[in-house]
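Below you'll find the structure, written out as structure tokens, and then a few comments.
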Amino acid sequence: MSSTKYNPQKIEPKWQKRWELQKLYKTSTVGGSVTDSKKKKVYVLDMFPYPSGQGLHVGHPKGYIATDIYSRAKKMQGYNILRPMGWDAFGLPAENYAIKHKIHPETAAQKNIKRFKEQLSVLGFNYDWEREINTTDPKYYKWTQWIFLQLFKKKLAYKSYEPINWCPSCKTGLANEDVENGLCERCSTPIEQKPMYQWMLKITKYAEKLLNDLTELDWEKHIKEAQRNWIGKSNGATISFELKTQNKKQKTTTKKLKLIKVFTTRTDTIFGATYLVIAPENSIIKNLKLKIKNYNEVAKYIEKAKHKTELERKENKTKTGIELKGITAINPANEEEIPIWVSDYVLTVYGTGAIMAVPAHDQRDFEFAQKFNLPIKQVICENYPAPICPILKKAYEGNGKLVGSEKFNGLQYKEGIEKITEWLTKRKLAKKTTNYKLRDWVFSRQRYWGEPIPIIYCRKCWENEQKTTNKKIKEGYDYIKINDLEYMIVPVLEKDLPVKLPKIKNYKPTGTGESPLANIKEWVNVKCPRCKKPAKRETNTMPQWAGSSWYYLRYIDTKNNKTLVDKKKELYWSPVDMYVGGAEHATRHLIYARFWHKFLYDIGIVNYKEPFKKLYSVGLIKGEDGRKMSKRWGNVINPDDIVARFGADTLRVYEMFMGPFSDSISWNIENLMGAKRFLDKIFKLHSKTQIIKHKQNTNKEIEKLLNKTIKKVTDDIESFKFNTAISSLMILINEIVKEQKNIPSSQLKILNSKFLILLSPFAPHLAEELWKKLGNKISIHLEKWPNYDKNFILEKKINIIVQVNGRFRGAIEIDKNLPENKIKEIALKNEKIKIWTANCYIVKTIFVPNKIINFIVKQY
RNA sequence: GGGCGAGUGGCGGAAUGGCAUACGCGCUGGAUUCAAAAUCCAGUGAGAGCAAUCUCUUGAGGGUUCAACUCCCUCCUCGCCCACCA
């Protein structure tokens, strides 16, 4: 009848089909029944995949297996579960793949999704596929566009013309987050700075909230730290330096050119500021043009700096620069006249784009000063009163007290910052300032495969506006100048959403700063929704990160045509209780999604401030050679092959048993065989006819072990320690196999049932198969999770460790909670202990109840 | 340069103040087999010993403690993230 060999190839597809037919994993609809909405919920979410052309490798499912186990266990523990899956299919990689293989991106995306879904389906996951979403579906991106319109209404989406990161290979602008070490994150091409019109999202307005609310989140520390660093808050002061032309007595007259402002966190070092440095792109330079005697040379330097890629700037550690001749600045602290330089080691995008250089206490300034022979003045000393300071070999960046700083001498540097800032502020020369490294999000891409930005440019509206109102309108938010003609920026009406991405033949990037959509006349030319006169559509598209910044909300209410998500349903299901994905998203997806979520909260769309309550990051599965799995190294392992050879349950158990979930560990086929053997052993135990001896007593030992195992597996699943959960299951099964002849059949049956329930989240197919074999009619996955009996775990007899002088010398079995003096008596009578206490007297006894007794002894 | 984390058998790892090396892999020996695979049994950190047993051992050094893989300090090595951010 039933086969005696464990045959996953046969049983796994069988159960997958049945589960699907039974709709075992359909999420219960909330709102319909009272009991359901009263039931506690758990929302378990994987970072949805980007369906690439290569398909999945064995590393991808690791996180999905973990969430599968977690959600299965939670369901059995009585929770309402939401566990959906979907596809993040817009964006550069999909488009580049499509261009390379000469297939339309839409066709490629569909093909890749199909392949991914097939690969996932053989692993036996409990996704509710009725809630599948796809970011490229117009019904979905309608709401991505809708969010953009809301951002626009609140002036958090604006147009700006400034130099941004440009990838010459992908032919598009990129966000700061898409650049790694000066290279394009997708294709590793050096990034250039190119000024162009861009849609920007004002994420900086949320910098403080994004930073502060991190404390509430139950996330791994390193992810939170990564976000903190990325936001990069620093408190300091903006200090004004007055300018002087070469004609020393005559200060510059133009009001605009009177000052240069710098940002510093170290006001205490201002007496050591011996020159100023301005970033080449800083507009101050152009404004000072007439005063600069060597302007031509300066202009040349600036031109050269502009053409350097980010990478060249960073790689070339030797500092370059040029002095602005004919113009100097006054150090507001000591009234000293100091030179002004231009150098590309100062960034335009941070602070004011100008710095006060303190070469004695900043290594970068130090290098620059040395190269150009500028004075280096030490104002912080480690020892105070300072000995004659030796000539510095490098900048002293440590702590210390102030010297050479007139009345502030002797102050601890922190106090110095306070006092000097106060002193300058009173004279209106400084202002406390906070700066962030976080920059506004460059939100437009000059590419085809993305959500169209729902904006229309109307010349007529601009003209009407000029005629009819005196209202001040603002460039970027309200109008835009293209080729010297102004246009009003008109948002698409909400009722006209979605703005569908037209299907076109030529979708290759143009490189002109416009997307290929610009060539589709019939799409670009539209009626203005305001004045109904001819107008033009925005042709840039949204970046890859747009759709993924809110997808977790849509799963709650996938089919809603009226709103993004029903607020009541959102109240019930949000926030995501368990979110699992790669750590590489710490400063991209996770920060963007938090930003959008906070915005949606502020405009009343969602009920909670934060989207993801708890977060675990998946550790990488490396190749057998220890390198990252990649086509390049030929070390990629395909999950389909593993499933075909060993079965999905083996793959699942192995990947969870490899080691700690967040660690990256190399694939090892022999270890995988170990997981297979574990499942074989279970199958074998169940297929053997049990020989039953009658009238046996309940086996107390195995009962105790069972209860311990229930506790261990339950706790370990909760804290994502799957490796030790599996190890405790192994211990239990080994013991059952060994002891089965000493276990009465009625007890063995219960034991086996409970074991299978504990196993079922890890190896759902095998557990189901054996569950049926035990005679059960209803799926094991609908069973209740077992409780453990505390009384079995709390043992009556316990082992107490006996130490002499802190060293282990034996263990004694005693009744639990025996008083110290009794234990002492027993221990000292013990033969083994006697050896170590002979001829000694006891100086001290350390006793930890039910754990240890330690005698400190000395020889007579 | 800054931030975060890690270093334990031949390997993946367990233990997070209280018997270091659970569990798995590998290896060695044996059973089974014509033979192999699979399976089962025994052993497996190092050193000494016939043995009971003892000594040493968690990257290095120091400290706290009756007791340290675990806590503190210094150093070394590796990994990840960020980086001319003033």
Side-chain angles (χ1 to χ4, degrees), chain A residues 5 180-182 220-230 232-234 236 262-266 269 273 277 279 310 313-317 319 343-358 361-365 367-368 395 397 435-439 583-584 586-587 617 619-620 653-654 657-660 662-675 677-678 680-681 684 721 723-734 737 799-811 832 835 843-848 850-857:
Chain A
K5 199 169 177 302
E180 280 178 352
N181 282 320
E220 285 160 287
K221 198 182 160 191
H222 70 274
I223 306 270
K224 287 209 228 179
E225 278 308 308
Q227 288 212 353
R228 274 194 196 105
N229 290 337
W230 190 262
K233 182 180 182 174
S234 44
V262 303
F263 173 73
T264 181
T265 54
R266 292 297 301 271
T269 62
V277 192
E310 288 255 310
R313 275 197 185 193
K314 276 169 188 163
E315 272 189 347
N316 195 0
K317 290 278 176 191
K319 305 265 183 296
S343 172
D344 61 9
Y345 84 90
V346 172
L347 308 172
T348 346
V349 287
Y350 187 74
T352 60
I355 61 151
M356 64 174 207
V358 185
H361 305 293
D362 183 291
Q363 188 54 27
R364 295 154 302 179
D365 297 344
E367 283 163 21
F368 191 82
E397 291 176 326
N435 257 314
Y436 300 91
K437 287 185 199 170
L438 188 72
R439 297 186 214 166
E584 71 274 15
T587 52
S617 54
L620 219 62
V653 168
Y654 169 57
F657 187 60
M658 286 177 103
S662 297
D663 283 12
S664 73
I665 300 166
S666 297
W667 180 265
N668 180 308
I669 195 82
E670 278 170 338
N671 286 352
L672 177 112
M673 294 298 297
R677 243 171 266 168
F678 166 60
D680 279 337
K681 195 181 284 182
K684 226 155 93 183
K721 286 151 100 182
N723 55 333
T724 48
I726 292 169
S727 116
S728 69
L729 286 173
M730 285 172 170
I731 293 170
L732 180 60
I733 197 78
N734 288 346
V737 169
N799 270 326
I800 271 236
I801 294 151
V802 185
Q803 294 185 340
V804 179
N805 287 342
R807 308 205 53 156
F808 171 78
R809 296 299 176 195
K832 279 184 190 168
I835 302 168
V843 182
K844 196 178 170 186
T845 309
I846 293 109
F847 176 69
V848 183
N850 298 324
K851 264 191 177 165
I852 195 165
I853 188 156
N854 185 6
F855 301 109
I856 310 303
V857 299

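Proteins get letters first, then strands, A, B, ... in listed order; numbering begins at 1 in each.
In this structure, A:Ile853 atom CD1 and B:rA67 atom C1' are separated by 14 Å, rounded to whole Å. At whole-Å resolution of the value, CE in A:Met730 and C1' in B:rC25 are 10 Å apart. What separates CG of A:Asp663 from P of B:rG7 is a distance of 9 Å, to the nearest Å. For A:Arg807 and B:rA68, the CZ to C1' distance is 14 Å, given to the nearest whole Å. Residue A:Trp230 contributes atom CH2, which lies 7 Å from atom P of B:rC82 at whole-angstrom precision. One can place CD1 of A:Ile669 at 12 Å from P of B:rG26, the figure rounded to the nearest angstrom. Remark: P of B:rC54 and CZ of A:Arg809 are 7 Å apart, rounded to the nearest angstrom. One can place NZ of A:Lys681 at 10 Å from P of B:rC23, the figure rounded to the nearest angstrom.
Separation of the P atoms belonging to B:rC4 and B:rA68 is 28 Å when rounded to the nearest angstrom. For the C1' atoms, the distance linking B:rC27 with B:rC82 amounts to 44 Å, nearest Å. For the P atoms, the distance linking B:rG79 with B:rG13 amounts to 15 Å, nearest Å. For the C1' atom pair drawn from B:rC80 and B:rG63, the interatomic distance equals 31 Å after rounding to whole Å. Nucleotides B:rG10 and B:rU44 have their P atoms positioned 15 Å apart, rounded to a whole Å. Rounded to whole Å, the P atom of B:rC72 lies 34 Å from the corresponding atom of B:rG24. B:rG29 and B:rA14 have their C1' atoms separated by 27 Å, given to the nearest Å. Here, B:rC34 and B:rC19 have their P atoms 50 Å apart, quoted to the whole Å.
Taking the side chain of A:Phe657 as heavy atoms from C-beta on, and the options B:rA14, B:rG24, B:rU55, the nearest nucleotide is B:rG24.
In this entry B:rA36 has no Watson-Crick or G-U wobble partner, no candidate having both defining distances under 3.5 Å. Under the Watson-Crick and G-U wobble criteria, each requiring two contacts below 3.5 Å, nucleotide B:rG7 is paired to B:rC76. Across every strand in view, B:rU64 sits unpaired, with no contact that passes the Watson-Crick or G-U test at under 3.5 angstrom. The pairing partner recorded for B:rC84 is none, the criterion being a Watson-Crick or G-U wobble arrangement whose two distances lie under 3.5 angstrom. When both distances must be under 3.5 Å, the Watson-Crick or G-U wobble mate of B:rG29 is B:rC41. Of the nucleotides present, B:rA48 is the one that pairs with B:rU53 by Watson-Crick or G-U wobble criteria, both distances under 3.5 Å. With both pairing distances under 3.5 Å, B:rC69 is matched to nothing as a Watson-Crick or G-U wobble pair. Taking a pair to require two hydrogen-bonding distances under 3.5 Å in either a Watson-Crick or a G-U wobble arrangement, B:rC19 remains unpaired.
Across all strands shown, A:Gly674 has heavy atoms under 4.0 Å from sugar-phosphate atoms exclusively, and none from any base. Residue-level contact check: A:Glu397 touches neither bases nor backbone, having no heavy atom under 4.0 Å from any strand. No engagement by A:Asp365 is indicated, since no non-hydrogen atom pair under 4.0 Å with the nucleic acid exists. Among the protein residues, A:Leu347 comes within range of the nucleic acid bases, having at least one heavy atom under 4.0 Å from a base atom. Within 4.0 Å (heavy atoms only), A:Lys437 reaches at least one base atom of the nucleic acid. At the heavy-atom level, A:Arg439 lies under 4.0 Å from base atoms of the strands shown. Residue contacts shown for A:Val262 are absent, as no nucleic acid heavy atom lies under 4.0 Å away. When heavy atoms are screened at a 4.0 angstrom cut-off, A:Ile665 is found touching the sugar-phosphate backbone but no base atom. Backbone-only engagement by A:Ile856 is indicated by non-hydrogen atom pairs under 4.0 Å involving sugar-phosphate atoms exclusively. A:Ser234 comes within 4.0 angstrom of the backbone, heavy atoms only, and of no base. A:Arg228 comes within contact range of no nucleotide atom at all, as no heavy-atom separation falls under 4.0 Å. At the heavy-atom level, A:Asn734 lies under 4.0 Å from the strands shown only through sugar-phosphate atoms.
Side chains of A:Phe657 and A:Asn671 form no contact here, defined as non-hydrogen atoms less than 4.5 Å apart. Under the 4.5 Å side-chain criterion, counting only non-hydrogen atoms from C-beta, A:Ile856 is in contact with A:Asn805. With a 4.5 Å cut-off on side-chain heavy atoms, A:Lys681 and A:Asn734 count as touching. The closest side-chain heavy-atom distance from A:Ile852 to A:Gln803 is below 4.5 Å. Inter-residue side-chain proximity for A:Glu225 and A:Ile223 is flagged as unmet; no heavy-atom pair is nearer than 4.5 Å. In this structure, the side chains of A:Ile355 and A:Tyr345 come closer than 4.5 Å at one or more pairs of heavy atoms. With a 4.5 Å cut-off on side-chain heavy atoms, A:Trp667 and A:Tyr654 count as touching.
Judged by closest nucleotide on RNA chain B, A:Glu180 is the one of A:Glu180 and A:Gly351 placed further toward the 5' end. Nearer to the 5' terminus of RNA chain B, by closest-nucleotide assignment, is the contact made by A:Phe808 (compared with the other of A:Asn854 and A:Phe808).
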